[in-house]
Structures are given as C-alpha cells and as structure tokens.
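Order of the sequence lines sets the chain letters (A, B, ...), proteins ahead of strands, with each chain counted from 1. From a predicted model like this one, the values you see are computed outputs, not experimental measurements.
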2 protein chains.
Amino acid sequence: MALRHAVLAALLNEELSGYQLAKAFDTGVANFWHALPQQLYAELTRLESDGLITGREVVQDTRPNKRLFRVTDAGTAEMERFTAAATKPSFIRDDLLVKVQAADHVDTGELIAQLTERAAFARAKVELFGSLLHTMRGDRTEEDHLRHGERIGPYLTCLRGLAFEQENRDWCERSVAILNERRSARARA
Amino acid sequence: MALRHAVLAALLNEELSGYQLAKAFDTGVANFWHALPQQLYAELTRLESDGLITGREVVQDTRPNKRLFRVTDAGTAEMERFTAAATKPSFIRDDLLVKVQAADHVDTGELIAQLTERAAFARAKVELFGSLLHTMRGDRTEEDHLRHGERIGPYLTCLRGLAFEQENRDWCERSVAILNERRSARARA
DNA sequence: TCTGACTACTCAAATTTATGAGTACCATGC
DNA sequence: GCATGGTACTCATAAATTTGAGTAGTCAGA
C-alpha cells in the first residue's frame, strides 16, 4: 500500500488527471516513485471510493474529457498517519548492478556497452532534474528557496533524484574506464 | 525474472547455501539486489531444475545439513545472455521520499524523526560497505585493486552501494536541517 | 534449565507490479 | 488522405514480491 501514498503525495501538491499522473510516474519526473498508467488509474479509483481524493470532470472540446483529482481532508489525514509510521529501508534493485556483479565471469564488451548507455540516460536525467529544480526555485538561490520558499517537498525529492543520477553517471563512467583498462591490459598480455 | 540473475551473479563469485544467500540478500550485503529467504529458496529450486546451478549436500554434525550451490556452464551462458540484453532503467522507490514529497502538507516533526532514523541507518551501511571494501582490496589501494585485482565485480557494486548510502545520509541530514530551520522560523513568527 | 538467538529450511496466501492488448478521438505533417 | 503520435482511458492476465506461519535441532548466557 505504498503507491497509494505516493499518489496522495503527488496530488497534495497539484491537482492532476490520471493521464498527467501517469506521465509523471512513468518518465520519472516524479522521481520519488515509479508506476505504470494501469496501476495509477486503478489506484485513483480505489482512492476515490475510499474518499481520500475527489475527482472533477473537466470538459474539453478538442481533446477527450479528463478528470482532475485532489486530496480530501481524509486523504491529508491518511498522509499524516503514513508519515508518522515507521519507514521501511529502501534497497537498490538494479539489473545493471547484477550484471556488474558478474563482471569477472562474462564478456565485458557487452557490459561496457550497457554501462555506457546507462551513463547517457543518467546524464539526461541530471539535466532534466537540474532544470526542474531551476524552475521550482525561480530567481532565488537554492539556499534561499529552501529557507523561505513555500513548497519545498518536491524540491527536496528532486534534489535526491538529482544526486542519485549524478552518482549513477559517475559510477557508470568510472566502471567503464576500469573495465576498458583491464581489457586492453589483458589484450597486451 | 531478474532475481534469477541476481542469484546467478552471487553464486558465480562464491559457492553458497540458500541460507547464506538469504543473509546476504536480506541484510543488504548483496547491495545489488534485495530478496527474502522464501523467494531465494524457491529460485534456487527453479535454477537447479533448469540446470543453471548444481547443489551438493554438506553434512554437518553440530548444525543442520546444508546444500551449497554453484553455477553450471549453462548458468554462465545464461548470465552472458542476460548481460548482453538491454538493461531496464532503475528507479528510486522509497517510502521516505514519498513522505518528504508531502512535507509541506503534514506535521514535519514526525518527518524529521523518520529522516533522522534513516540517516543513522545510512551511516551504519556506509561503515559496513567501507569495511567490506577494505576486506576485498586487502593492502592495496583502491586504484591498484581495480586495475590489477582478480575479482572486481563485487567491489564495483559495493562502491555503488556505498555512494548510494552516503548520498542517503547527506540528503537526510540536509533535509533535517532545513525542516528544523523552517520549524523554528515558523515558531518565531 | 529455561530463554532467546542462530542455523537451515518449507508451505501457503496475499499484495504489488508488470505485460499485453485495446478503444476512441484529434491534430500534424507528408 | 493517410500514417504517426499525442490525449485519456480500460480490461485482463502474468509475474514478482511480501507477509505470515511453521519445523527442528544447537548453542550461549542468566
């Protein structure tokens, strides 16, 4: 029951449709959680029937109508309760790390390719998060925004996402460098 | 079918029993994946019946007997195939980030407590990974080990785990500092 | 000697997440 | 004028992960 709270958290900051939510959770803009559209629509239905959110139909002439959801008082209370409860530790669970764990027993050429691709992906995310942060803080410095801004929750989670992707990028690049060195050293031997 | 490969990767480096594997995957020593004992025993059974690993009974007089597993040639080939396939991007999925995302709408006292606890957890992990790395590289410097050591896969994944927990620690500490500042600023107002 | 903790596993069920396949309508470019 | 891609959703199923409850013997400390 954690997606439930991820959706609530997203809707607390902004009134969104299922589709908008799905985009955010899919592309990783909402970098505090990940979910597919099907899951989100299902969760929205459950949340609404539990009275934690309410939806309102927005009629559009050029596009299909949509339903925008916002959190009810009961929803805020549920979020409060969730926040007070113990937090499970989070673990890395990444196919790429599994592949690197086996690096000494497989062809490193393929592995280097995967690492290079991931580094590029991470760089793109670093850029994305960087500009998101800039948008959120506007003209202020980060320090100023965090002290005096009104909404800092999304800023803080975005900072975490940024650090995560920076580390991904650096680690991938370093791993590629090492594996390449070892390849050429072995080739010379 | 990713746990499958995580188990293979772990067993490629070391012959292990289900119980040992479970410990590694539970405490996060195997920081490239996480899984519960039940899942691992089930996966070991499947892997063995698929011929990707073989187990041998080890009789112990003081403790229950155990079965040690190692990867077969077919298992190594499967790992090779897996490594060459495209890697799915990995996402953060963390209850704590969900809570911070909602920081502007809930009582921050509870949130600060959760962040403080997580920071302590992260510090413990940083220490653990630090000593694991030290054990793996022995007397060598990291640079030397990564260039000339024999087994660097587990070292690289442990480095990733270390960086992840350092970032967790720093981010939690910074978030706590900011939330505290804002609390006292609000109290004065 | 009793309690709690550790080794070494197993079985069953619930919950969560991912995959695959659609519907339907509008706008844009070739 | 037709294919491609975006908006806005839904249904069904499969796979992965978590939760809960056991078994059974050993060892160390109060």
Identify the pairs formed between an N or O of the protein and an N or O of nucleotides 7-10 of chain D at a distance under 3.5 Å, and give each distance.
from: dT7(D); atom 1: OP2; to: Tyr19(A); atom 2: OH; distance (Å): 3.0
from: dT7(D); atom 1: OP2; to: Lys23(A); atom 2: NZ; distance (Å): 3.0
from: dA8(D); atom 1: OP1; to: Gln60(A); atom 2: OE1; distance (Å): 3.2
from: dA8(D); atom 1: OP1; to: Gln60(A); atom 2: NE2; distance (Å): 2.5
from: dA8(D); atom 1: O3'; to: Asn65(A); atom 2: O; distance (Å): 3.4
from: dC9(D); atom 1: OP1; to: Arg67(A); atom 2: N; distance (Å): 2.5
from: dC9(D); atom 1: OP2; to: Tyr19(A); atom 2: N; distance (Å): 3.3

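- Rounded to whole Å, atom P of dC11(C) lies 16 Å from atom CG of Leu40(B).
- Between Arg151(B) and Glu14(B) no salt bridge is recorded (no basic side-chain N to carboxylate O distance below 4.0 Å).
- One can place CG of Asp61(A) at 11 Å from P of dC26(C), the figure rounded to the nearest angstrom.
- Atom pair Arg93(B):CZ and dT17(D):P shows a separation of 10 Å (rounding to whole Å applied).
- Between Glu143(A) and Arg147(A), at least one side-chain nitrogen of the basic residue sits less than 4.0 Å from a carboxylate oxygen of the acidic one, meeting the salt-bridge criterion.
- For the side-chain contact (heavy atoms from CB on, under 4.5 Å) test with Leu11(A), the passing option among Leu68(A), Ile53(A), Thr72(A) is Ile53(A); the others fail.
- Put simply, CD on Glu43(B) is 17 Å from C1' on dC9(C), counting in whole angstrom units.
- The separation between His34(A) atom NE2 and dT16(C) atom C1' is 14 Å, rounded to whole Å.
- We find that Arg4(B) and Asp50(B) are joined by a salt bridge, their nearest charged nitrogen and carboxylate oxygen being less than 4.0 Å apart.
- Salt-bridge formation is detected for the pair Arg174(A)/Glu142(B): a Lys NZ or Arg NE/NH1/NH2 atom is positioned less than 4.0 Å from an Asp or Glu carboxylate oxygen.
- The distance between atom CG of Leu3(A) and atom P of dT18(D), rounded to the nearest whole Å, is 15 Å.
- As a whole-Å value, the separation of Phe25(A) CZ from dT17(C) P is 11 Å.
- One atom, CD of Gln39(B), and another, P of dT15(C), lie 17 Å apart when rounded to the nearest Å.
- Using a 4.0 Å cut-off, no side-chain N or O of Thr62(A) falls inside it from OP1 or OP2 of dC25(C).
- Classification of Lys66(B) and Glu15(B) as a salt-bridged pair fails, no side-chain N sitting under 4.0 Å from a carboxylate O.
- Put simply, Arg46(A) has no side-chain N or O that comes within less than 4.0 Å of OP1 or OP2 on dT16(C).
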